[in-house]
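Take a look at the structure set out below.
Not measured: the values here are computed from a predicted model.
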Protein chains: 2
Amino acid sequence: MSRSRVTRTTSAAPLNGAPAAGALVIPVEQPASRSDRVYDSLRRAILDGTLPPGRPLVERELAESLGVSKTPVREALKKLALSGLVEMNSYSGVSVRRIDGSLIEELYTARAGVEPTAVRLAVVAYGPARHDAARQALDEAQRLATAGETAALGLANRRFHREIYSASGNRFLCEFLNQLQDLTTFVATAGWRLKATFEQEAEEHRAILAAMEAGDPALAERLAGEHIRRAARTLVSVLGEQPR
Amino acid sequence: MSRSRVTRTTSAAPLNGAPAAGALVIPVEQPASRSDRVYDSLRRAILDGTLPPGRPLVERELAESLGVSKTPVREALKKLALSGLVEMNSYSGVSVRRIDGSLIEELYTARAGVEPTAVRLAVVAYGPARHDAARQALDEAQRLATAGETAALGLANRRFHREIYSASGNRFLCEFLNQLQDLTTFVATAGWRLKATFEQEAEEHRAILAAMEAGDPALAERLAGEHIRRAARTLVSVLGEQPR
DNA sequence: ACTGGCATTCTGGTATACCACGATACCGTC
DNA sequence: GACGGTATCGTGGTATACCAGAATGCCAGT
């Protein structure tokens, strides 16, 4: 997984943090525990639709098919349950989360409520300034859009949002919004077809970034909220009242 | 633990959800797994300061002293780590989270950003109406304040906030805010002394609830934000620049 | 044909033994 | 005396065996 839980407060040797200026930067391959790798595998499989909503997830089966024991599988499932991608129904097994109307409603309401705050904080923290990481994601999205690579495009668009979360400088908001984004991806994947609203999405992303780089927190905040709400409307209209 | 992860989507028998009108309501005692009980014990111990920040938490020790095996202890620790009360430093053990300035800063920023949204949603959802649960907590707080029972008073005040989270009708915001509230309690406990600002707190609570019951989302939202920010200022001033 | 009880089966939950690896302290060497 | 190597220890990580309990389906009784 990307955001490792390891905090490492020990003495020197900041394996994660920003290296000292001029320091020799050697990418340390992190072994990552089996739990984490299993978590990552399952998360990806759920997000890309390989494991559809309602799909039963049996500890023993997964353990066997992934070539590990139950223990790491179990931990991964617990973590997925906590993030909302998986539901643990007491004594009737674990399964990929089922989607209902209220989930979508609450999900987008939460995102629309919180994401603008993160955008505002990012602006407040940096003032009028280039947000290189976000801009890079945006440019890449543009390139991928013209190239027609929709899968990678989705990734780039999501990265755009995540870079802003990160720029907010608030670990709690960042983690929470990442969680909500995962769920958004999950819901969107389940309701596939998602006819390309990519151009509109790109335009809104550009507008948000422009407001951020202009150092206008209020405008950036408002645009971010509208962006999320429009996405929600689109998704709901695509899903229709489709059962499950 | 209070908020069980059990989702139970099976057929009828909504053991959790609101029971059908006129249905016979019998409180089903939930056995709760050992993991959950361990989680609950540790959470309480951390929140009330029995386990202070930085205190090492060794799986084997805890297992022995709690009379269970490592497995449930391990799961509880993982969960606590995810909620931020515990830090897992790779290969140097687990310990109660250490507190630094940026933690407090980010914590209160996040709460100030999100909690007003929940308050607004609660008002929007219910319109001008009595919020009985919140009011009850508020009244109880008043009673306990005059009785001088500060410990119980703290609980009542926290319950006031949680009732509002719940009234927002948004599971994501509710869970996230509960997590932030736990961390707030944790930080506040660590910085004890917390000279009684109870009267001011009560007054602000009353103002928020009044705005809610009057059906004024904007006002309620604003008051909630100011409430959190003032609490943050108070805590920071109490902590001073106290190391750790 | 329907209903109530019972055995089976499948699930997650727990305990235990063992493994891998960083931290530490000791000791020899330069 | 300071440094570097090395053995030991303690930690979380993993595998495995076993337990408990609900869902399920069969079967007898009505």
Side-chain angles (χ1 to χ4, degrees), chain A residues 1 4-16 28-42 54-82 86-97, chain B residues 1 4-16 28-42 54-82 86-97:
Chain A
M1 63 174 293
S4 166
R5 296 301 308 170
V6 180
T7 314
R8 181 170 289 275
T9 42
T10 38
S11 58
L15 279 187
N16 331 8
V28 176
E29 105 292 351
Q30 50 174 0
S33 70
R34 304 194 182 188
S35 304
D36 286 343
R37 277 180 293 176
V38 170
Y39 169 82
D40 209 39
S41 300
L42 291 178
R55 163 69 186 270
L57 299 174
V58 181
E59 291 184 359
R60 286 178 168 79
E61 283 180 12
L62 293 173
E64 191 176 1
S65 74
L66 292 171
V68 297
S69 77
K70 275 177 56 180
T71 313
V73 170
R74 186 176 173 72
E75 294 194 350
L77 290 177
K78 268 276 171 65
K79 200 166 161 185
L80 287 166
L82 241 45
V86 146
E87 54 189 25
M88 307 184 76
N89 308 326
S90 55
Y91 288 101
S92 75
V94 179
S95 55
V96 179
R97 178 163 195 159
Chain B
M1 63 174 291
S4 169
R5 294 302 309 169
V6 179
T7 314
R8 182 169 288 276
T9 43
T10 38
S11 57
L15 279 188
N16 330 7
V28 176
E29 108 292 350
Q30 52 176 357
S33 69
R34 304 194 182 187
S35 306
D36 287 343
R37 276 179 295 173
V38 171
Y39 169 83
D40 208 38
S41 300
L42 292 178
R55 163 69 187 268
L57 299 173
V58 181
E59 292 184 359
R60 286 177 168 81
E61 283 179 12
L62 293 173
E64 190 176 0
S65 74
L66 292 171
V68 297
S69 77
K70 275 177 55 179
T71 313
V73 171
R74 185 176 173 70
E75 295 194 347
L77 289 178
K78 269 275 171 67
K79 200 166 162 186
L80 286 166
L82 243 45
V86 146
E87 55 189 25
M88 309 183 74
N89 306 328
S90 54
Y91 286 101
S92 74
V94 179
S95 57
V96 178
R97 177 161 197 161

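Between the P atom of C:dT16 and the CD atom of B:E64 lies a distance of 12 Å, rounded to the nearest Å. Rounded to an integer number of Å, the gap from CD of A:E75 to P of D:dA15 is 11 Å. Distance, B:M88 CE to C:dG22 P: 16 Å, rounded to whole Å. For the pair A:L62 CG and C:dG12 C1', the interatomic distance rounds to 13 Å; values are reported in whole Å. Put simply, NZ on A:K79 is 11 Å from P on D:dG13, counting in whole angstrom units. Atom P of nucleotide C:dC18 and atom CZ of A:R34 are separated by 18 Å, given to the nearest angstrom. Between the C1' atom of D:dG12 and the CD atom of B:E87 lies a distance of 15 Å, rounded to the nearest Å. Taking atom OH on A:Y39 and atom C1' on D:dG13, their separation rounds to 19 Å, with Å as the unit.
Here A:E87 contributes atom CD and A:L80 contributes atom CG; the two are 12.5 Å apart, rounded to the nearest 0.5 Å.
For A:T71, no side-chain nitrogen or oxygen approaches OP1 or OP2 of D:dT14 to under 4.0 Å. Distances shown here put every side-chain N or O of B:S33 at or beyond 4.0 Å from the OP1 or OP2 atom of C:dG12.
Residue B:A76 comes nearest to B:V38 through the heavy atom pair CB-CG1, 3.6 Å, listed as atom of the first residue, atom of the second, then distance. Between B:N89 and B:S95, the closest heavy-atom pair is ND2-OG, 4.1 Å.
Nearest to the side-chain atoms of A:E59 among the listed nucleotides C:dG13, D:dT14, D:dG12 stands C:dG13. Across C:dA15, C:dG13, D:dG12, the shortest atom-to-atom separation from the side chain of A:R74 is found for C:dG13.
A side-chain contact (heavy atoms from CB on, under 4.5 Å) with B:L62 is found for exactly one of B:V68, B:L77, B:V94, namely B:L77.
Taking the side chain as every heavy atom from C-beta outward, A:K79 and A:D36 approach each other to under 4.5 Å.
In this structure, A:L57 reaches the sugar-phosphate backbone alone: every heavy-atom distance under 4.0 Å involves primed, P, OP1 or OP2 atoms, never a base.
With hydrogens and angles ignored, no donor-acceptor pair under 3.5 angstrom links the side chain of B:R60 to the base of D:dG10. For a distance-only test at 3.5 Å, the side chain of B:K70 qualifies as a donor-acceptor partner of the base of D:dG13.
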